[in-house]
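As structure tokens, the structure follows; a few thoughts come after it.
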Amino acid sequence: MAKVKHFLDIQKLDSKTLREILSLGSEIKSGKKSDANKLLAGKTLAMIFEKPSTRTRVSFEVAMIQLGGNAVMMDGKDSQLGRGESAADTARVLSRYVDAIMIRTNDPAKLDELAEYASIPVINGLTDNSHPCQIMADIMTYEEHRGSIAGKKVAWCGDGNNVAASFMHAAGRFGFHLSLALPPELPLDDAVIAWATAEGVDFSISDKADEACSDADLIVTDTWVSMGDKDADKRHKLLSPFQVDERRMALAKTDALFMHCLPAHRDEEVTASVIDGAQSVIWDEAENRLHAQKGILAWCLS
Ligand code: CP
Ligand code: NVA
């Protein structure tokens with residue numbers, strides 16, 4: 001039997017496969033792929049959400065519909081998973097009904113357990129540790145606007161969170177330099193840094209947002225308070241020096257882009273003038289969740 005093609009994390013796939021997924025997504029987006037609307041005919045995706053979502057939920061469901069398939073929504077809290085049924089048993093049952101599972105969960109171990117016991121592909125729709133679908137859309141967006149991201153400087157200003165971790169994984173796989181400006185109190189996971197160091201990823205970490213943004217080709221930030229974070233006041237205090245404003249954008253290259261995975265909080269992590277300004281590509285980025293995920297679904301289910 002062929003190996004199940006899970007999409008669990010960027011660093012778990014090689015560069016060639018990631019490029020293949022992005023190409024598939026771009027081909028479908030451009031209309032070059034004939035019969036794309038029948039590509040996943042008869043296929044069903046189960047979507048499990050244990051945390052809120054707008055983009056991930058709608059873009060996955062629309063992707064399945066536009067590729068000829070269907071999606072079934074499972075609210076984590078209203079399913080037996082929310083009452084303690086194991087991820088392993090859930091995986092074995094869903095494998096009898098549907099063709100792929102997408103899960104958004106706080107607990108990365110649940111994602112891994114689903115993948116271990118499912119006989120169908122499992123896709124990571126965000127955990128507390130990573131958000132790989134988002135970064136695939138981000139790479140697609142950067143490259144549509146500016147060409148290959150390889151060798152470019154990407155600056156991250158803010159929390160060392162799940163999105164930052166997936167950017168580190170992407171820096172390794174897509175060959176860009178990642179300059180992270182983080183408060184020392186909100187660092188990136190040790191495991192992510194250890195992976196990046198072992199892989200020889202071109203990255204730097206400091207608490208100096210101006211240095212990170214200087215000469216950057218892309219500046220990225222994210223909310224100061226992620227889903228599940230409880231210490232909002234403390235985070236606001238620690239993260240306010242990392243706000244992306246016009247002065248910081250001006251330190252970057254003149255053709256630098258600004259990205260944010262959304263949802264955003266204007267005048268917190270980014271000023272309204274930047275996120276709604278000429279260098280911001282956030283709406284293309286949000287749209288590309290749909291196209292990048294079509295690539296992911298088509299790859300997983302091919
Ligand atoms: N960026 C992102 O994943 O958005 P949602 O939380 O709305 O899915
Ligand atoms: N870091 C954010 C990303 C939301 C898409 C969170 O986890 O809430």
Side-chain angles (χ1 to χ4, degrees), residues 7-10 25 45-64 71 73-77 101-108 110-111 123-142 156-170 178 180-183 185-189 192 219-232 234-236 238-239 242-244 258-266 268-270 275 280-297:
F7 186 81
L8 300 177
D9 262 319
I10 285 178
L45 173 73
M47 307 191 297
I48 307 172
F49 282 94
E50 298 188 323
K51 293 181 173 213
S53 168
T54 296
R55 279 145 289 267
T56 306
R57 190 207 153 157
V58 177
S59 57
F60 264 109
E61 186 161 349
V62 171
M64 285 303 294
M73 168 78 175
M74 278 174 68
D75 184 325
K77 289 187 292 296
I101 304 169
M102 193 281 310
I103 182 165
R104 168 168 289 194
T105 176
N106 55 339
D107 182 4
K110 207 176 268 184
L111 171 79
I123 298 170
N124 177 356
L126 179 147
T127 71
D128 284 1
N129 283 7
S130 61
H131 195 5
C133 293
Q134 178 67 53
I135 279 51
M136 293 296 276
D138 292 2
I139 304 294
M140 180 183 267
T141 307
Y142 183 86
W156 173 274
C157 295
D159 187 12
N161 65 12
N162 45 5
V163 178
S166 286
F167 257 106
M168 183 70 107
H169 296 146
L178 183 64
L180 297 130
L182 317 168
E185 297 84 350
L186 297 171
L188 211 54
D189 262 6
V192 177
I219 298 183
V220 195
T221 189
D222 187 13
T223 180
W224 288 343
V225 185
S226 282
M227 292 179 277
D229 285 341
K230 296 203 170 34
D231 43 355
K234 185 176 143 214
R235 291 175 154 272
H236 276 245
L238 290 171
L239 287 159
F242 295 82
Q243 184 189 62
V244 179
F258 172 79
M259 286 194 204
H260 188 309
C261 65
L262 306 177
H265 304 79
R266 284 174 174 73
E268 292 186 11
E269 69 270 14
V270 55
I275 196 167
S280 172
V281 290
I282 56 165
W283 308 125
D284 294 338
E285 184 185 5
E287 180 186 329
N288 278 335
R289 292 295 304 277
L290 174 66
H291 306 298
Q293 285 159 201
K294 282 184 181 173
I296 292 168
L297 288 164

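In listed order, ligands and their atoms are each counted from 1. Note that the coordinates shown come from a computational prediction; the quantities given were computed from them, not determined experimentally.
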Rounded distance (nearest 0.5 Å) linking atom OG1 of Thr54 with atom CG of Leu262: 10.0 Å
I want to check something: taking the side chain as every heavy atom from C-beta on, are Trp156 and Val163 in contact at a cut-off of under 4.5 Å? yes
Of all protein heavy atoms, the one nearest atom 8 (O) of ligand 2 is Met227 N, 2.8 Å
Atom 2 (C) of ligand 1 has as its nearest protein heavy atom Arg289 NH1, 3.3 Å
Go through ligand 2 atom by atom and flag the ones less than 4.0 Å from a non-hydrogen atom of Leu262. 5 (C)
To which protein heavy atom is atom 3 (O) of ligand 1 closest, and what is the distance rounded to 0.1 Å? His131 NE2, 2.8 Å
Are Leu178 and Met168 side-chain neighbours, meaning at least one heavy-atom pair lies under 4.5 Å? yes
Assess Leu126 for proximity to ligand 1: is some non-hydrogen atom of it under 4.0 Å away? no
Any luck finding a side-chain donor-acceptor pair between Thr221 and Glu269 under 3.5 Å? no
Under a 4.0 Å N-O cut-off, is there an ion pair linking Lys110 with Glu50? yes
Closest protein heavy atom (residue, atom, distance) for atom 2 (C) of ligand 2: Ser226 OG, 3.3 Å
If you take all heavy atoms of Met140 and Gly25, which pair is closest and at what distance? CE-C, 3.8 Å
Report yes or no: does Arg104 have a heavy atom closer than 4.0 Å to ligand 1? yes
Nearest-neighbour protein heavy atom for atom 3 (C) of ligand 2, which is reported as residue plus atom name and distance: Asp222 OD2, 3.7 Å
Considering heavy atoms of the protein only, find what lies nearest to atom 4 (O) of ligand 1 and give residue, atom and distance to 0.1 Å. Arg55 NE, 2.8 Å
Could you report the tightest heavy-atom contact between Arg104 and Thr56, atom names first, then the distance? NH2-OG1, 2.8 Å
Give the ring-plane orientation class for His236 versus Trp224, where under 30° counts as parallel, over 60° as perpendicular and anything between as tilted. perpendicular
Any N/O pair Arg57/ligand 1 closer than 3.5 Å: no
Nearest protein heavy atom to atom 7 (O) of ligand 2, by residue and atom, and its distance? Asn162 ND2, 2.8 Å
Which of the atoms in ligand 1, numbered in the order shown and given with their element, are less than 4.0 Å from a heavy-atom of Cys261? 1 (N)
Taking C-beta and beyond as the side chain, do Asp128 and Asp107 meet within less than 4.5 Å on heavy atoms? no
Is the shortest N/O to N/O distance between Pro263 and ligand 1 below 3.5 Å? no
